[in-house]
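Quantities reported herein were computed from a predicted structural model and do not represent experimental measurements.
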Amino acid sequence: MNVYEAVTSRRAVREFTDRQVPREVLERVLSAAAWAPSASNLQPWHAYVLTGRPLAELKKRAGERIAAGDPWDEPEYEQYPPVLESPYQERRAAFGEQRYGALGIAREDLEARQRAAAANWDCFGAPAALFCYVDRRMGPPQWSDLGMYLQSVMLLLRAEGLHSCPQMAWAKYHRTVAEVLSPPVELLLFCGMSIGHEDVTAGRSRIGRAPLGETVTFVDG
């Protein structure tokens, strides 16, 4: 698989099989992803990888919170601006229509939407998950480094025939994640990532992208 194929075939998969991902594959991917760029080579990411019983325990605890109707944890960062202006609001709305429309869930069916969202905390059935932390003392430039690292991880997973789903949703249950991982207090959970083999029998949908002209300006000499 070349780089173009990895980029264009990567998408957020939300249906995984229970086929296990070998430890050596995960180590190979994360060893290569460590070469992702970061300003002054700070490498501000810290990743925890869960499989087996620890991941099952985390899923169990998150599921119990959902069943009990526990509110989300106090947010440690703002996932979206309070007001999304155009064109971002339209893109977000289009995502919701495509995502839930593919599941046959009507816009007004809030209960069904909540059930679909709850699958986040089961990692969509994936047998492996990565949790990416950043030092609280870091600023926006270092957070952008996380994005380059995580994209590297996801593309390398594609090279291994695997899929992934990055999930900021896990930040809403950061205390539950911390109960299982016991990270140092200076680390803040940015996101989780489900990892595994796609369940191709579940059907799939892919969210479109804006035309090139909306996001790129060429300035020719």
Side-chain angles (χ1 to χ4, degrees), residues 12-14 16 20-68 70-80 117-157 162-196:
V13 166
R14 295 180 174 87
F16 291 90
Q20 297 301 302
V21 180
R23 168 79 174 262
E24 58 268 23
V25 172
L26 295 171
E27 289 182 347
R28 184 163 58 240
V29 164
L30 295 172
S31 293
W35 290 99
S38 60
S40 297
N41 200 32
L42 293 186
Q43 304 166 73
W45 49 80
H46 190 100
Y48 290 81
V49 180
L50 273 70
T51 59
R53 282 181 291 181
L55 180 57
E57 177 64 19
L58 177 58
K59 291 179 178 182
K60 174 178 173 290
R61 294 188 184 205
E64 288 172 348
R65 288 190 62 176
I66 295 168
D70 284 357
W72 290 337
D73 295 333
E74 186 71 22
E76 297 194 289
Y77 69 90
E78 193 174 76
Q79 292 190 5
Y80 300 100
N120 271 286
W121 295 289
D122 185 51
C123 294
F124 304 106
L130 178 150
F131 293 87
C132 186
Y133 283 79
V134 64
D135 193 302
R136 299 174 187 277
R137 295 165 291 190
M138 296 297 173
Q142 287 73 53
W143 284 61
S144 72
D145 293 339
L146 294 189
M148 291 186 279
Y149 171 73
L150 292 167
Q151 175 76 336
S152 297
V153 171
M154 290 186 285
L155 296 183
L156 289 161
L157 289 169
L162 296 166
H163 274 285
S164 61
C165 183
Q167 300 163 267
M168 284 195 299
W170 273 108
K172 300 181 185 299
Y173 280 174
H174 61 84
R175 291 196 179 94
T176 299
V177 179
E179 289 172 3
V180 175
L181 300 182
S182 300
V185 294
E186 65 269 18
L187 292 185
L188 179 152
L189 178 60
F190 171 55
C191 72
M193 180 190 296
S194 297
I195 297 171

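- Annotation for G192 and F131: closest pair CA-CD2, 3.9 Å, computed over non-hydrogen atoms.
- Of all the heavy atoms in A33 and V153, the pair that sits closest is CB-CG2, 3.5 Å.
- Here CH2 of W170 is found 13.0 Å from NZ of K172. Values are rounded to the nearest 0.5 Å.
- For R53 and E57, the salt-bridge test fails: no basic side-chain N is under 4.0 Å from an acidic carboxylate O.
- Closest approach of C165 and V13 over heavy atoms only: CB-O, 3.1 Å.
- One finds the CD1 atom of I195 at 10.5 Å from the CG atom of L50 (value rounded to the nearest 0.5 Å).
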Point to revise | salt bridge (charged side-chain N to carboxylate O under 4.0 Å, His left out) evaluation trace for E24 with R28 | key: CA-CA 6 Å; E24 58 268 23; R28 184 163 58 240; over 6 Å; no
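- Note that the CG atom of L162 and the CG atom of L156 stand 11.0 Å from one another [nearest 0.5 Å].
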Review point. For L130 and L30, what are the C-alpha separation, side-chain angles and deciding distance, and is it a side-chain contact (heavy atoms from CB on, under 4.5 Å)?
Key: CA-CA 10 Å; L130 178 150; L30 295 172; 3.7 Å; yes
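- Interatomic distance, F16 CZ to S164 OG, rounded to the nearest 0.5 Å: 6.5 Å.
- For R137, the side-chain hydrogen bond (donor to acceptor under 3.5 Å, both in side chains) partners are D135, not counting sequence neighbours.
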Per-pair distances, 0.1 Å, donor-acceptor, side chain in residues 138-151, under 3.5 Å, sequence neighbours excluded:
from	atom 1	to	atom 2	distance (Å)
Q142	OE1	G139	N	2.9
S144	OG	P141	O	2.5
D145	OD2	A39	N	3.3

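- Each side-chain hydrogen bond (donor to acceptor under 3.5 Å, both in side chains) pair with one or both residues in residues 29-43, not counting sequence neighbours, appears once here: N41-Q43.
- No more than 12 heavy atoms of other residues, nucleotides or ligands sit less than 6.0 Å from atom CZ of R23.
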Practice item. List the steps and the verdict of side-chain contact (heavy atoms from CB on, under 4.5 Å) for F190 and Y77. Key: CA-CA 8 Å; F190 171 55; Y77 69 90; 3.6 Å; yes
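- Residues meeting the ring-ring contact (aromatic ring centres under 6.0 Å, His included) test with Y48, sequence neighbours left out: H46, Y133.
- Counting only heavy atoms from C-beta outward, the side chains of L26 and V21 approach each other to under 4.5 Å.
- Residue A129 comes nearest to L55 through the heavy atom pair CB-CD1, 3.9 Å, listed as atom of the first residue, atom of the second, then distance.
- For the side-chain hydrogen bond (donor to acceptor under 3.5 Å, both in side chains) test, residues two or more places apart in sequence or in another chain that qualify with S194 are Q167.
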Could you list the donor-acceptor pairs under 3.5 angstrom formed by side chains in residues 173-188, with sequence neighbours left out?
from	atom 1	to	atom 2	distance (Å)
H174	NE2	E74	O	2.9
T176	OG1	R65	NH1	2.9
E179	OE1	R61	NH1	3.0

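- In terms of heavy-atom proximity, L189 sits nearest to C132 at CD1-O, 3.7 Å.
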